[in-house]
Amino acid sequence: MLAPSWLTSGQDFVWRPYCQHKTASPPLPVVGARGCRLLLADGRELVDGIASWWTAAHGYGHPHIAARVRAQLDTLSHVAFGGLAHEPAYTLAPRLAAMLPGDLRRVFFVESGSVAVEVALKMALQSAYQRGQRHRRKVIAFEGAYHGDTFATMALCDPVDGMHRAFRGLGVEAVHLPIPRPGDDFEARFAEHAGEAACAIVEPLVQCAGGMRMHDDEALRRLRRACDEHGVLLVFDEIATGFYRTGAPFAMHRAGVTPDIVCVGKALTGGTLPLAAAIATDAIFSAFWDDDPLLALQHGPTYMANPLACAAAHASLDLFERGDYAAKVAHLEARLREGLEPLLHRPHVRDVRVLGAIGAVEMEPGTAPASDAFATRGAFIRPLRLASADVVYLMPPLVISDEDLDLLLAALDAALG
Ligand SMILES: Cc1ncc(COP(=O)(O)O)c(C=O)c1O
């Protein structure tokens, strides 16, 4: 393929994400995206197997989202959120709260998932401090976790298998426990650290970037009970699992366990504009309610609650409300199971896992085909490469057609063959 001139002229200036520039193939030049397909500069179309890092739940270029963002652009594209308010955010917050169980209704908007997790940690640590529990400075996290790329969130990621090993020991003080499994001693291990912990954080049901590792509802029930017993706040990072990825509006609904704080992002705007949030209970909010301005939550990103992003989120929520996404995901789950389970007997394959619209094939480290092997078969698939395993996964737009899903499955089948 002849690379477009903007790619050749710009490539020595752009630092790509998670990229070893010395050995990486050049990126695929994308000139448009519609539905579940990426349009490349040479006219080829690829079915997107990973929905732009799991954001594009409704596919690309959805006319309803585009119309709402365009209308917002004509009215108010941005205004600082300090001392000023705007309708898109003030109507989005109650709308999000209405989707959540219990009194999870204090919504703090930010621009990325990592920052939402940072804010959740600040809510937990600062509220413990302000309640006089100044010894609670630790965070309990889990092996296999991924919570972002900023310093505090890197400290929560798996310290051995994750990509942020070089930063071990920096950021917040985190303790990593194995996800509770039947017959283990989780409660005892939790109790060892619980007295010094402000919160525990977990990606409920699926640890995504850490290898699409899945656990059951009971693990979350045990974690909830342990947190309650020791006065530790429970944070669910639903940045990847939220908005029907597991089949329910949030994984917390599927599991029937309610946290004290939830982080959301990614599919919130349907992959259109950056927006995320940390959403806390009234009880946590009340720890900041005081006459002293210094006891306020000390955070406020410049672009927080950007009106265009909030308009995109409203449109995305409209679509979730109008379409039967639970049924769509149940269908995808069955198709993914049917398509991926036969791969279990292929060379280097160690495990096949499916939950909701997430299908993963775990392979020996260093054995997963490169993205190019999928692209030549019409699919965009980007395996996760961890120290302990390669994981080839599909997390397509939730609206993907049977034909496009078949193409992804066939590409995977052929590339692994
Ligand atoms: C569970 C989880 N938390 C946090 C993040 C970080 O989000 P962002 O990339 O928007 O900072 C991700 C991103 O993949 C994620 O999967």
Side-chain angles (χ1 to χ4, degrees), residues 57 89-110 113 116-117 119-121 123-124 127 140 142 147 179-180 198-208 214-268 275-288 313-314 316-330 333 355-358 398:
Y90 274 69
T91 50
L92 182 60
R95 216 173 159 188
L96 284 170
M99 292 181 78
L100 297 168
D103 66 342
L104 283 164
R105 62 194 197 96
R106 299 292 179 164
V107 182
F108 195 96
F109 289 111
V110 293
V117 175
V119 170
L121 296 182
M123 288 171 169
S127 64
I140 296 176
F142 288 90
H147 294 287
I179 290 277
C199 65
I201 181 163
V202 71
E203 299 154 83
L205 298 184
V206 192
Q207 296 176 298
C208 291
M214 298 166 187
H215 52 263
D216 60 9
D217 307 351
E218 181 56 15
L220 300 174
R221 280 194 288 275
R222 287 173 68 190
L223 175 58
R224 177 73 270 184
R225 277 197 299 272
C227 285
D228 289 345
E229 190 182 325
H230 296 280
V232 174
L233 295 174
L234 178 56
V235 182
F236 276 2
D237 178 349
E238 293 238 28
I239 288 161
T241 52
F243 303 106
Y244 290 91
R245 184 53 67 180
T246 69
F250 291 91
M252 71 176 86
H253 296 103
R254 184 165 169 153
V257 178
T258 305
D260 302 296
I261 304 175
V262 59
C263 299
V264 301
K266 291 202 184 273
L268 170 57
L275 186 69
I279 306 173
T281 58
D282 282 331
I284 293 174
F285 184 79
S286 69
F288 296 83
H314 274 294
S316 174
L317 296 189
D318 292 344
L319 297 174
F320 283 121
E321 277 169 16
R322 286 180 205 159
D324 189 350
Y325 279 73
K328 284 191 215 310
V329 174
E333 182 169 338
L355 193 146
I358 306 172
L398 303 180

Original post:
Are side-chain heavy atoms of V262 and L100 found at a separation under 4.5 Å?
Top reply: yes

**OP:** Please check if the side chain of E238 supplies one atom and the backbone of M252 the other of a donor-acceptor pair under 3.5 Å.
**Re:** yes

Subject >> Min side-chain heavy-atom separation S127-L233 under 4.5 Å >> reply: yes

**OP:** Kindly indicate, with the supporting measurements, whether the criterion side chain to side chain contact (heavy atoms under 4.5 Å, CB included) is fulfilled by I279 and I261.
**Re:** CA-CA 5 Å; I279 306 173; I261 304 175; 6.0 Å; no

**OP:** May I have all residue pairs that pass salt bridge (charged side-chain N to carboxylate O under 4.0 Å, His left out) and include part of residues 255-264, sequence neighbours excluded?
**Re:** R224-D260

Subject >> Least distance between heavy atoms, M123 atom then F288 atom >> reply: O-CZ, 3.6 Å

**OP:** Could you grab the distance from atom CG of D228 to atom CG of L234, nearest 0.5 Å is fine?
**Re:** 8.0 Å

Original post:
Closest heavy-atom contact between F109 and A277?
Top reply: CD2-CB, 4.1 Å

**OP:** Measure the CZ-CZ distance between F236 and F250 for me, rounded to the nearest 0.5 Å.
**Re:** 12.5 Å

Subject >> Steps toward side chain to side chain contact (heavy atoms under 4.5 Å, CB included) verdict (L220, H215) >> reply: CA-CA 8 Å; L220 300 174; H215 52 263; 3.7 Å; yes

**OP:** Dump the intermediate steps for side chain to side chain contact (heavy atoms under 4.5 Å, CB included) on M214 and L205, then the final yes or no.
**Re:** CA-CA 6 Å; M214 298 166 187; L205 298 184; over 6 Å; no

Original post:
Any idea which heavy atoms bring G113 and I239 closest together, and the distance?
Top reply: O-CD1, 3.3 Å

Original post:
To the nearest 0.5 Å, how far apart are CZ in F320 and CG in L398?
Top reply: 6.0 Å

Subject >> Set of residues satisfying salt bridge (Lys or Arg N to Asp or Glu O under 4.0 Å) with respect to R254, sequence neighbours excluded >> reply: E333

Subject >> Pairwise side chain to side chain donor-acceptor pair (under 3.5 Å) hits with a residue in residues 90-104, at least two apart >> reply: T91-H314, R95-H314, R95-D318, R95-E321

Original post:
Closest heavy-atom contact between P204 and T241?
Top reply: O-CG2, 3.4 Å

Original post:
Which value, rounded to the nearest 0.5 Å, describes the distance between L121 atom CG and C199 atom SG?
Top reply: 5.5 Å

Original post:
So, E203 side chain and C208 main chain: donor-acceptor pair closer than 3.5 Å or not?
Top reply: yes

**OP:** Using salt bridge (Lys or Arg N to Asp or Glu O under 4.0 Å) as the criterion, list what pairs up with E218, not counting sequence neighbours.
**Re:** R221, R225

**OP:** Could you pull out all residues at least two apart from S316 that satisfy side-chain hydrogen bond (donor to acceptor under 3.5 Å, both in side chains)?
**Re:** H58

Original post:
Taking the side chain as C-beta and beyond, is there a heavy-atom pair between F243 and P249 under 4.5 Å?
Top reply: no

Subject >> Under 3.5 Å donor-acceptor, D216 side chain and A219 backbone >> reply: yes

Subject >> Non-hydrogen side-chain atoms of T258 and T281 separated by less than 4.5 Å >> reply: no

**OP:** Rounded to the nearest 0.5 Å, what's the gap from CG on L223 to CD1 on I179? Could you check?
**Re:** 8.0 Å

Subject >> Nearest non-hydrogen partners of F142 and P180, listed with the distance >> reply: CE2-CD, 4.1 Å

Original post:
If you round to the nearest 0.5 Å, how far is CE of M99 from NE2 of H253?
Top reply: 7.5 Å

Original post:
Can you name the one residue among V110, L92, V264 that meets side-chain contact (heavy atoms from CB on, under 4.5 Å) with L275?
Top reply: L92

Original post:
Which pair of non-hydrogen atoms, one from V329 and one from A357, has the smallest distance, and what is that distance?
Top reply: CG1-N, 3.5 Å

Subject >> D282: partners by side-chain hydrogen bond (donor to acceptor under 3.5 Å, both in side chains), with sequence neighbours left out >> reply: R105, R106

